[in-house]
Amino acid sequence: MSKPVDSQPRPVRVRFAPSPTGYLHVGGARTALYNFLFARHHKGTFVLRIEDTDQARSTEESLKMVLEDLRWLGIQWDEGPDSQTRQDHGPFGPYRQSQRLEIYKKHAQTLLRTGRAYYCFLTDEELEAQRAKATAENRQPHVVSPYADWTLAQAQEKIDSGGKAVVRFKTKGLEKDYTFRDLIRGEITFPSDMVGDFVLLRSDGMPVYNFCCAVDDAEMRISHVFRAEEHLSNTLRQLMIYEGLGYSPPEFGHLSLVLDEDRQKLSKRKGATSCHEFMREGYHPEALKNFITLLGWSHPEGKEIFTETEAVQCFDGTRLNPAGAVFDGTKLKWMNAQWLRSLSDEDLIRLANKFNPGWFKGVQNPERFAAYLKNYLETLNDIPELLEIFNTEGFSVTPEARTFLDTHPCKPVIAAWISALSDPSVGDFLTVEKFTAIQELIKNQTGVKGKPLFLSLRIAILGKTEGADLKMIIGLFSVQSLLRRAQALGL
RNA sequence: GUCCCCAUCGUCUAGAGGCCUAGGACAUUGCCUUUUCAAGGCAGUAACCGGGGUUCGAAUCCCCGUGGGGACGCCA
C-alpha cells in the first residue's frame, strides 16, 4: 500500500461539485448539505466547484438554477461562484473546471513526462473491436493500447503529422491492490486490474471527470470528500492519479444512494426529484433540509425535527448510514406541516407572501388567517384552497348540506341567524363570544338544539356539513358576508 | 461476465456481544377529545434476508448463499 501517510491534521475543506445539467437533484442536495454541515461543524471551509467539462450538457442556465436551488435551501458556500454574479471568489480559483484547463494540461504533462501516462491513438472503431473481442472471450473489457510504451518523441511525431490522441493513464506496473479507509464503509480494497488504462484528456484536450476531480481536490486542498456511492469505484482511479502526481489523497466518505419507491436510484422520470419542484410545491426549505438530512443520517438523540443549527452541532461525519434510502414523500409532507405549524403567524404570512404575493393582496391584516391556515396546511400550495371558504361570491351549498337542510328543522334557525346578524349592534365582525351568544339566543328562540342547530349554522356559513371549527374562523368573516351567505340559502 | 458496496417494521431509522420481550418517527388500525373535518392525546398491527460458524451468550463478529445497487465510457 503506497498511500502516503499524512498524519498532520489538515484544516477541514470540503466541496460540493455539481455538474450544471439541470435543477439540483435531491440526491445532490443531500451531498451538498452533508458537506456543508460537516464544514460548519468543524469550522472549516465549504467550496462549490463546478464540474462543467462535459460541454455538451453543461449550460450557464443550469448553473444558475443549481445556484438558486442551493441558495433557496440556505446552503452557503465559502468559495466558488457567487450566487448572484456567478463570479468566482476564493483563493483557489477558478472554480469552474472549464476554466482550469491549463491546470489539467500541466498535470497531464507531468504524468506524461514521468511515464505514468501516454498518448493513445486508438480510434473508436479499434476500441469497439477490442471491447467486443474481450467480451466474447470473457475477459475484462479493458483497453490494451499498442501505444502504451511509445516514447514521447514517437508520439509527438505522430501528433505533428495530424494524429489525434487522447492521454491515457498507464496502469501497468502499479501495485496489485489499492486500499483506503472509507469514512462510512470502513476499509475498502480494489484490485488495480479492475480498471484498464483510462482516459485523462480527451482528444479535444478536455479532461475527463476522474482526472479533474483528483487534480482539483488536491489543488484545492480538499480534506474530506463526501460524495455519492456511485463514485465509489472511481476512487480507485483517483487514488492512482493521486499517487502518480505525488499527492496525498483526502479522506473519502461514500454516501448511500437516494432511491425511489421501487428502490431504484431516484431518477428524474419519476415524480418530484428536484429541489426546485419542492420549492414550487410550497415546501419550506428548512423542512426539506430537515428531511433530507435524515435520509441516511440520524440525530444522536433521535430527534426528527431540528434546525440547521442543531444539525451543525452534531454533524461530525459519523452516524452516516451506508445503506440506500428510499425517498418518502409522505413523511416529507408531514414534516413540512410540522415546520409550517411551528412558524409564528407573521413568519407564515411572510413566507406565503414571498411564495405568492397574490394570495393576500389587498387583504388587511392577513395574520388573522394564520391560526386557521396552520391547522390545515401541509404545503403553502394548500393556501388558496383553504382561503376559498372566505370567498362569498363562490359560496354554494353541497348536495349533502342541501339534503340536511331539507330534512331537518333548519329554516327557523337560519331565519333567527339572519335576524341576529341584521341587528346593527353586532358590528362588522363577530367575536367568538358574540357568536356563542347568538347560538344560545337562536336555541332559545327556536327550540332547536344539538346537531340541527350547529349544522344549520355551519351550512349557513360554509355551505358544507364539515370543515374548520366555526369558533376558529367565525371572526374572519364580515357580518355582511355572513348575511349574504345565509340569504343565499333561499330558505 | 468481472470487481466493489449494501441488507432491522410498508418507509426513514435506533442498535457498535448480554441493557432487545428489538426502541422511535412516517404511514396504517382502533379509541379519547372536538356535537363536523382536521389537529392533538392514547393504544394496536408490523422488522433483524437465508444457512453455517465463533461465543456461556449474536440484530450486532466471521464465512457461504440469496437479493438489491453501483462501476467497468473520449458521461459526471
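Proteins come first, then strands; the chains are lettered A, B, ... in the order of their sequence lines, and each starts at number 1. Just the heavy atoms: all of them, side chains too, but no hydrogens, waters or symmetry mates, feed the values below.
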Report task. Confirm from the modelled atom types if K374(A) and A39(B) form a donor-acceptor pair under 3.5 Å, side chain to base only. Result -> no
Query raised in the report: Between M472(A) (CE) and U33(B) (P), how many Å, whole number?
Result: 19 Å
Query raised in the report: Given that both distances must come in under 3.5 Å, which nucleotide forms a Watson-Crick or G-U wobble pair with G10(B)?
Result: C26(B)
Query raised in the report: For the residue pair H299(A) and F306(A), does the interplanar ring angle fall in the parallel (under 30°), tilted (30 to 60°) or perpendicular (over 60°) class?
Result: tilted
**Report entry** Complement of C3(B), any strand, by Watson-Crick or G-U distances under 3.5 angstrom
**Finding:** G70(B)
Query raised in the report: Which pair of non-hydrogen atoms, one from P412(A) and one from T446(A), has the smallest distance, and what is that distance?
Result: O-CG2, 3.6 Å
Report summary line: Side-chain atoms of N210(A) come closest, of A25(B), C74(B), A76(B), to A76(B)
Query raised in the report: What nucleic acid atoms does E51(A) come within less than 4.0 Å of, heavy atoms only: base, sugar-phosphate, or nothing?
Result: sugar-phosphate
Report summary line: For A46(B), the nucleotide meeting Watson-Crick or G-U wobble distances (both under 3.5 Å) is none
Query raised in the report: Mind checking the P distance from U28(B) to G18(B)? Whole angstroms is fine.
Result: 36 Å
Report task. Just call it for F190(A): base, sugar-phosphate, or nothing, with non-hydrogen atoms closer than 4.0 Å on any strand. Result -> sugar-phosphate
Query - Interatomic distance where CZ belongs to F327(A) and C1' belongs to G69(B) [whole Å] - result: 19 Å
Query raised in the report: For C31(B), which nucleotide in any strand shown is its Watson-Crick or wobble partner with both distances under 3.5 Å?
Result: G41(B)
Requested in this report: Determine the Euclidean distance between corresponding P atoms of A16(B) and A22(B); express it in Å to zero decimal places.
Outcome: 16 Å
Query raised in the report: Which one, G70(B), G1(B), A76(B), comes nearest to the side chain of R57(A)?
Result: A76(B)
Query raised in the report: Given that L455(A) and A323(A) both sit by RNA chain B, which one's nearest nucleotide is further toward the 5' end?
Result: A323(A)
Query - Distance below 4.0 Å between Q130(A) side-chain N/O and G73(B) OP1 or OP2 - result: no
**Report entry** Heavy-atom neighbours of K374(A) NZ exceed 12 at 6.0 Å
**Finding:** yes
Report summary line: Rounded to whole Å, NE2 of H25(A) lies from P of A76(B) at a distance of 18 Å
Query raised in the report: Counting just side-chain N and O atoms, does R319(A) come under 4.0 Å of either OP1 or OP2 of G15(B)?
Result: yes
Query raised in the report: Does the distance from a Lys or Arg side-chain N to an Asp or Glu carboxylate O, for E251(A) and R181(A), drop under 4.0 Å?
Result: no
**Report entry** Atom P, compared across G51(B) and G17(B): separation rounded to whole Å
**Finding:** 24 Å
Query raised in the report: Among C12(B), C72(B), A39(B), which nucleotide sits nearest the side chain of A325(A)?
Result: C12(B)
Query - Closest to the P191(A) side chain, choosing from C3(B), C74(B), G1(B) - result: C3(B)
Query raised in the report: Looking at the side chain of V208(A), which of A76(B), A27(B), U36(B) is the nearest nucleotide?
Result: A76(B)
Query - Spacing between W334(A) atom CH2 and G40(B) atom P, to the nearest angstrom - result: 9 Å
Query raised in the report: Does the side chain of L48(A) reach to within under 4.5 Å of the side chain of L67(A), using non-hydrogen atoms?
Result: yes
Query raised in the report: Whom does G57(B) pair with, Watson-Crick or G-U wobble, provided both distances fall under 3.5 Å?
Result: none
Query raised in the report: Between C3(B) atom P and H142(A) atom NE2, what is the distance in whole Å?
Result: 11 Å
Report task. Look at the aromatic rings of F315(A) and F38(A) and report parallel, tilted or perpendicular, splitting at 30° and 60°. Result -> perpendicular
Report task. Return the value, rounded to whole Å, for the distance between atom CD of Q97(A) and atom P of C74(B). Result -> 17 Å
Query - Among C37(B), C6(B), G70(B), the nucleotide that comes nearest once only the side chain of D469(A) is considered - result: C37(B)
Query raised in the report: Mind checking whether F16(A) and F36(A) have ring centres under 6.0 Å apart?
Result: no
Query raised in the report: So does R96(A) pair up with E51(A), basic N to acidic O under 4.0 Å?
Result: no
Query - Side-chain-base donor-acceptor pair under 3.5 Å for S203(A) and C74(B) - result: yes
Query raised in the report: Do the ring planes of Y242(A) and F252(A) sit parallel (below 30°), tilted (30 to 60°) or perpendicular (above 60°)?
Result: perpendicular
Report task. Answer yes or no: does a side-chain N or O of S256(A) lie under 4.0 Å from OP1 or OP2 of C6(B)? Result -> no
**Report entry** U13(B) to C3(B) separation - P atoms, rounded to the nearest Å
**Finding:** 29 Å
Query - Among A39(B), C12(B), G73(B), the one nearest R263(A) by side-chain distance - result: C12(B)
Query - M194(A), nearest nucleotide to its side chain (from C3(B), C72(B), U36(B)) - result: C3(B)
**Report entry** Separation between the P atoms of G15(B) and C9(B), rounded to whole Å
**Finding:** 16 Å
Requested in this report: Please measure how far the C1' atom in U34(B) lies from the corresponding atom in C42(B), and state the result in whole Å.
Outcome: 16 Å
Query - Value in whole Å for how far the C1' atom of U35(B) lies from CZ of F404(A) - result: 10 Å
Query raised in the report: What distance, rounded to whole Å, do you find between the two P atoms, one in G30(B) and one in U11(B)?
Result: 23 Å
Report task. Give H231(A) one of three labels, base, sugar-phosphate or nothing, depending on what nucleic acid heavy atoms sit under 4.0 Å from its own. Result -> base
Report task. For the side chain of E304(A), starting at C-beta, report the closest nucleotide among C37(B), A25(B), A76(B). Result -> A25(B)
Query raised in the report: Contact class for A337(A) vs. all strands (heavy atom < 4.0 Å): base, sugar-phosphate, or nothing?
Result: nothing
Query - Whole-Å C1' distance, C49(B) and G67(B) - result: 7 Å
Query raised in the report: Mapping R30(A) and F454(A) onto RNA chain B by nearest heavy atom, which one lands closer to the 5' end?
Result: R30(A)
Report task. Round to the nearest Å and state the distance from Y372(A) atom OH to A39(B) atom P. Result -> 14 Å
Report task. Identify which nucleotide among A39(B), U36(B), A76(B) has an atom closest to any side-chain atom of N375(A), counting heavy atoms from C-beta outward. Result -> A39(B)
